[in-house]
There are 2 protein chains.
Amino acid sequence: MGPLSSNRPTLADVAAAAGVSVSTASLAFSGAGPIAQATRERVLAAAQELSYSGPNPLGRQLRRGRAGIVGVVIGDALRRAFREPVSAQVLDGLVGSLGPLDLGVLLIPGTSDPSGNPVDPLIESAAMDVAVLMWGGTDADPKLAALRRRGIPTVVLEGLPMDGVASVGIADRRGMTELTRHVLELGHTRIATVTLPFNAERGDGLVDPDTHPLDWEITRRRLAGILDAGVRPVAVYETPASLVEHGRTAGLALLGSPDRPTAVIAQSDLLAAGVVLAARELGLRVPQDVSIAGFDGLELPWVAPDVLTTVVQPLEDKGVAIGQAVATLLAGEVPHAVELPVALRVGTTTGPVPA
Amino acid sequence: MGPLSSNRPTLADVAAAAGVSVSTASLAFSGAGPIAQATRERVLAAAQELSYSGPNPLGRQLRRGRAGIVGVVIGDALRRAFREPVSAQVLDGLVGSLGPLDLGVLLIPGTSDPSGNPVDPLIESAAMDVAVLMWGGTDADPKLAALRRRGIPTVVLEGLPMDGVASVGIADRRGMTELTRHVLELGHTRIATVTLPFNAERGDGLVDPDTHPLDWEITRRRLAGILDAGVRPVAVYETPASLVEHGRTAGLALLGSPDRPTAVIAQSDLLAAGVVLAARELGLRVPQDVSIAGFDGLELPWVAPDVLTTVVQPLEDKGVAIGQAVATLLAGEVPHAVELPVALRVGTTTGPVPA
DNA sequence: GAGGCGGATCGAATCGATTTGAGGAACGAG
DNA sequence: CTCGTTCCTCAAATCGATTCGATCCGCCTC
């Protein structure tokens, strides 16, 4: 017996019903090649009659050698990824820019499943023409290795530029430096920072950045941006994810002590928002008692009426840039690395250092 | 020339290199059928040698008649969908429960694109074995029609039970009734409600529910739940999406007037959180001056230290239920409609009516 | 009327695998 | 020594389309 005992009509059935050859019937649907108007209509009528809904994508894909699918590898938990507006908006932009190219987006969790395999089976065997690695992997990433082995062209986001993969990122290091300078100009010297995860371990607490293993480029670059401004943070607090509640926890820890910093720079707006909430809970005024800054440039309704001082990254452009990189890869060329600019946006959450 | 002038090795190449037939080589990879250990190793070695990374999924899919893909139709804008934690968590649960079935999740925006076609081209022609319609369509939905035409089994979320499609939802009507009774018991009589969108128009403002066109089942049911408790809301405010900022806008409008309601029931937690923020901005104490309730049972860090009174829906179970429905459809059976239970959770945002 | 030409149609090969039924080797039993 | 069994292996059909090159037909030109 065949694979599925389904009796859906095929192109051959339609061709037979219309009294033409399969090749002609194909032409009627694809429009690639000369075909008489009358013939075409006859074929379409026959299709209608048999309730044939168009060429089976599987057959088409095999013949074409293309699946029409871009696999998007969302690091770690999907839920967490979605709760970060940054991921969500990039994903949104990506879907938006891929749609017109007739490409679908396949979600790939990419978690190391507990059953032994270090790589998601979808990465190993799903049909896709291009892969996008959100939250850039390093050269050692087994996910990247699997994609390479399969020969699937890949775009890496926010990763290190590497051989053989396209990369799209933002100038977050420079942006962070600019932000830090702004804080310095306000007179602050006791500056703490709340960071994204350092690595897959996802710690939660104060760390010594000199000895703590730091695998994630994005965290490293944003940290380096602060150092570039000549600042040595009085405290570095690592969070397990860019979420408001983790920012709040960090804020309570940092601002609860008597020798608290006068300024806190967070590596994301969500974390910064959490710090703001913590400050309010502790009865501290922002920015009179403590200055707080973030990164990303999101619109966060719940720190209203305050407006976060932050570094704005062009999320929309990012989606577009990824789309372009994908298109280029699909054309068989190698896109050059893209680094999008960022801009400092001074809000109401930073002010002069308290006397 | 072939479809793509790629020279990746095929199973035939591997078979030749290993000195066996293609069928034997296939067996070596799939393990479906008897094969001598030695032969198997020889084939795998040959594959390694040629850097053959396993059977091409396209060929396998065509033969099997299965794409191994579930298309998830996300209504309207993807970005909006992601910003709603409810969608995100359901999607997460879905991916989680589909992974073990060896199914990938294909994101389908499903927006009516501006270029004339009422249905996303991906719905028309992407390869998928099952489709999931988030935010249930009605019988008239062209998306549903397209899926029917293609003969793709479909699961509809939060929709009307319909012929030929599986449905998964929650008892939101009953839950809303229970919530309303709780508010009634606290003595409130001037009760307003903030709703999800009524239809694709996505209005923003007060509406007369008796005359305003209401196409979306979820909004209808949650509204009906209030009426079931015998309450006639003093005001019905429609929002364009379940987002905090829209809740805030609604809250400012409802609570800003002198004859303001003493209780506001929102159709989602995000909306409720926005109303809480609005109340605080207006200098109203919650719950002393106004009681506020939501729906969904999310953990919302930013209404802290308050805890929303809400109706908890089992988001995790929902993902699981969808996964099961998909599996059932894939097996060729028709799953029965699932309605998951909800539970009232009384928090700190509702209290006795002010004297 | 022969030759040439362009457009429509068709046959056959091809994409890369899976699967079935047949064939063959090795081996033990009679 | 012959005749089953058992266990592997293989050839060939099949999944459903696309596409190349050939053919065919009608019509125009000389």
Side-chain angles (χ1 to χ4, degrees), chain A residues 1-43 46-47 50 52-68 125-129 150-151, chain B residues 1-43 46-47 50 52-68 125-129 150-151:
Chain A
M1 191 182 68
L4 273 185
S5 50
S6 87
N7 41 2
R8 310 218 87 229
T10 74
L11 192 54
D13 298 329
V14 174
V20 298
S21 73
V22 207
S23 25
T24 303
S26 175
L27 258 31
F29 283 100
S30 69
I35 187 171
Q37 186 61 22
T39 314
R40 183 202 178 92
E41 278 163 12
R42 197 145 40 88
V43 172
L50 298 176
Y52 173 81
S53 56
N56 180 326
L58 261 28
R60 179 210 296 271
Q61 285 172 13
L62 174 58
R63 182 62 237 244
R64 287 249 172 94
R66 290 244 174 125
S125 61
M128 51 184 154
D129 304 325
R150 291 187 58 188
Chain B
M1 192 181 70
L4 272 185
S5 51
S6 87
N7 41 5
R8 311 218 86 230
T10 73
L11 193 55
D13 299 328
V14 174
V20 299
S21 73
V22 210
S23 25
T24 303
S26 174
L27 258 32
F29 283 100
S30 69
I35 187 172
Q37 185 62 20
T39 314
R40 183 202 178 92
E41 277 164 13
R42 197 144 43 87
V43 172
L50 297 176
Y52 173 81
S53 56
N56 181 326
L58 261 28
R60 177 209 296 270
Q61 285 172 15
L62 173 59
R63 183 61 238 245
R64 288 248 173 97
R66 291 243 174 128
S125 61
M128 50 182 157
D129 304 325
R150 291 187 59 189

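- The 5' end of DNA chain C is approached more closely, in terms of each residue's nearest nucleotide, by B/L58 than by the other of B/L58 and B/S23.
- Residue A/S26 places no side-chain N or O under 4.0 Å from the OP1 or OP2 atom of D/dA17.
- Listed nucleotides C/dT18, D/dC10, C/dT9 differ in distance to B/V20; the shortest reach to its side chain belongs to D/dC10.
- Distances were taken from every side-chain heavy atom of B/N56 (C-beta onward) to each of C/dA17, D/dG16, C/dC10; the shortest belongs to C/dA17.
- An OP1 or OP2 oxygen of C/dA17 is reached within less than 4.0 angstrom by a side-chain nitrogen or oxygen of B/Y52.
- Between the CD atom in A/Q61 and the CG atom in A/N56 there is a gap of 8.5 Å [rounded to 0.5 Å].
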Counting only pairs under 3.5 Å, give me each side-chain donor-acceptor contact of residues 32-42 of chain A, with atom names and distances, residues two or more places apart or in other chains.
| from | atom 1 | to | atom 2 | distance (Å) |
| --- | --- | --- | --- | --- |
| A/Q37 | NE2 | A/E41 | OE2 | 3.1 |
| A/R42 | NH1 | A/A18 | O | 2.6 |

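- Side chain A/S21 to base C/dG11: no donor-acceptor pair is found below 3.5 Å.
- Rounded to 10°, the helix from C/dG1-D/dC30 to C/dG30-D/dC1 has 60° between the axis fitted to its first five pairs and the one fitted to its last five.
- The two residues B/R150 and B/M128 have their closest heavy-atom pair at NH1-CE, 4.0 Å.
- Of the N and O atoms on the side chains of A/S23 and A/S26, not one donor lies less than 3.5 Å from an acceptor on the other residue.
- Heavy-atom nearest nucleotides on DNA chain D were determined for B/A25 and for B/G59, and the one closer to the 5' end corresponds to B/A25.
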Collect all protein-nucleotide pairs involving nucleotides 26-28 of chain C in which both atoms are nitrogen or oxygen and the distance is under 3.5 Å.
none

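- Note on B/P55: only backbone sugar-phosphate atoms sit closer than 4.0 angstrom, heavy atoms only; bases stay farther off.
- For B/T24, the side-chain atoms get nearest to D/dC10 when compared with the rest of D/dT19, D/dC10, D/dC8.
- When distances run from any side-chain atom of B/T39 to the nucleotides D/dT9, D/dG16, C/dA17, the shortest one goes to D/dT9.
- The base of D/dT14 lies close enough to the side chain of B/R63 for a donor and an acceptor atom to sit less than 3.5 Å apart.
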